[in-house]
Amino acid sequence: MDAGLKRELEAKVYAGERLTREDGIALYASDDLAWLGRLAHHRRTVLNGDRVMFNVNRHLNLTNVCSASCAYCSFQRKPGEPDAYTMRIEEAVSKAKEMEDEQLTELHIVNGLHPSLPWRYYPKVLRELKAALPNVKLKCFTATEVQWFEKISGLPASEILDELMDAGLESLTGGGAEIFDWEVRQHIVDHDCHWEDWSRIHRLAHQKGMKTPATMLYGHIEEPRHRVDHVLRLRELQDETGGFAVFIPLRYQHDFHDSKDGKVRNRIQERTTMAAPAESLKTFAVSRLLFDNVPHVKNFWVMHGLSVAQLSLNFGVDDLDGSVVEYKITHDADSYGTPATMHRDDLLHLIWDAGFQPVERDTRYQVVREYEQAPSLAERRSEPQKIWA
Ligand code: SF4
């Protein structure tokens, strides 16, 4: 990037001016990672100071049986496959209750598009979970699932959301977004929920008072311009509703043969490589700079590894999800030694060690607890430390 353009972009960021599509593409074209980090860090500091939010949550996937076969997806199974499963309601409740002692604040539930489970199953699970764990917030279902519920119930999304909210739903999840541009989307997504429906359902959720997350799956067959366009669509919707609480870039993962039949389900694996850490850090930084009206940018550490999670806090990220337990969709996909579970203390140390101030939050980004200043590094190093890759 020539020095003049660099100065121009820098001036815009420091003046708090909105960046354009061309600016976003130029930022992705820059190889000056430290410079990108500095700009994004400035923006995150203006918005969130030196705080890093995190939550104590558990991910539950009620079923991996799915009618669709998205090209990048290693999670879905067809009915009758050896490791296809669907949880009974009691099973879901007992799994959720396993974490009660950790002062769990959120359950995060996403699922396959099951071909024969009736619509009634879903509000029923929510009611039972809420009855068993009344203080736990339920963040459940992608917009894709809500559109699926429309199909299987014959009800409009508005009534579906009303019933789910009545059963205890606090927020939708941000999934199903992938990359909105049809040029890419038509090759990777195998269901009918695209930008028109995805945005319709989130808009509706915002009108009903929900704060929702938005995601972007990056690092597969898309180009930087598709990432820029993806964020700009969300930014425009955010101008209209103000309902997005957080943006979550998700790193596309390969399938690492963990299924019982050894089948690789990811059909674009042969022609893709997973994004390296520098690419991830750049994506976080540019996302923070472009998506100027979303309050938070999250690193879902399971998809990036803990080292990148710590570094990303200097590249625009101010939110870490979470104390994830048993995340089935991806786990340790690139053998970084990423653990399946992080407890509250693990997260606190991860954040302190990176030089930030941890704040525990709930699903609505309300503060649950602030923590004292970090004990000095020397003090913490005086005891044997856990080793993270
Ligand atoms: S991404 Fe979701 S909808 Fe697509 S195949 Fe996987 S589970 Fe099904």
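Just follow the structure's listing: the first ligand is 1, and inside any ligand the first atom is 1. All values below were derived from every heavy atom in this structure, side-chain atoms included, with hydrogens, water molecules and symmetry-related copies excluded.
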(Q) Quick one about E145 and Y122 (side-chain donor to acceptor, distance below 3.5 Å, no hydrogens or angles considered), yes or no? (A) no
(Q) Please evaluate residues E90 and K95 with respect to the criterion salt bridge (Lys or Arg N to Asp or Glu O under 4.0 Å), reporting the C-alpha separation (whole Å), side-chain torsions for both, the decisive distance (0.1 Å), and the verdict. (A) CA-CA 9 Å; E90 314 80 75; K95 275 191 177 288; over 6 Å; no
Q.
How far is atom 6 (Fe) of ligand 1 from the closest protein heavy atom, and which atom is that?
A. C73 SG, 2.4 Å
**Q.** Element-labelled atoms of ligand 1 that are located less than 4.0 Å from some non-hydrogen atom of H191
**A.** 3 (S)
Q) Quick one: nearest non-hydrogen protein atom to atom 8 (Fe) of ligand 1, plus distance? A) C66 SG, 2.3 Å
Q. Under 3.5 Å, is there a donor-acceptor pair between the T212 and H202 side chains?
A. yes
Q: Answer with yes or no whether the hydrophobic clustering places L138 together with Y121; edges join I, L, V, M, F, W, Y residues whose side-chain heavy atoms lie under 4.5 Å apart.
A: yes
(Q) For atom 1 (S) of ligand 1, what's the nearest protein heavy-atom neighbour? Residue, atom name and distance, please. (A) Y72 OH, 3.4 Å
Q) Any salt bridge between E128 and R88, counting N to O under 4.0 Å? A) no
Q) Do the ring centers of F315 and H41 come within less than 6.0 Å of each other? A) no
Q) Is the distance from atom 4 (Fe) of ligand 1 to some N, O or S atom of C70 under 2.8 Å? A) yes
Q: Measure from atom 4 (Fe) of ligand 1 to the protein's non-hydrogen atoms and state whether any distance is below 4.0 Å.
A: yes
Q | Subset of ligand 1 atoms that lie under 4.0 Å from at least one heavy atom of A68 | A | 5 (S)
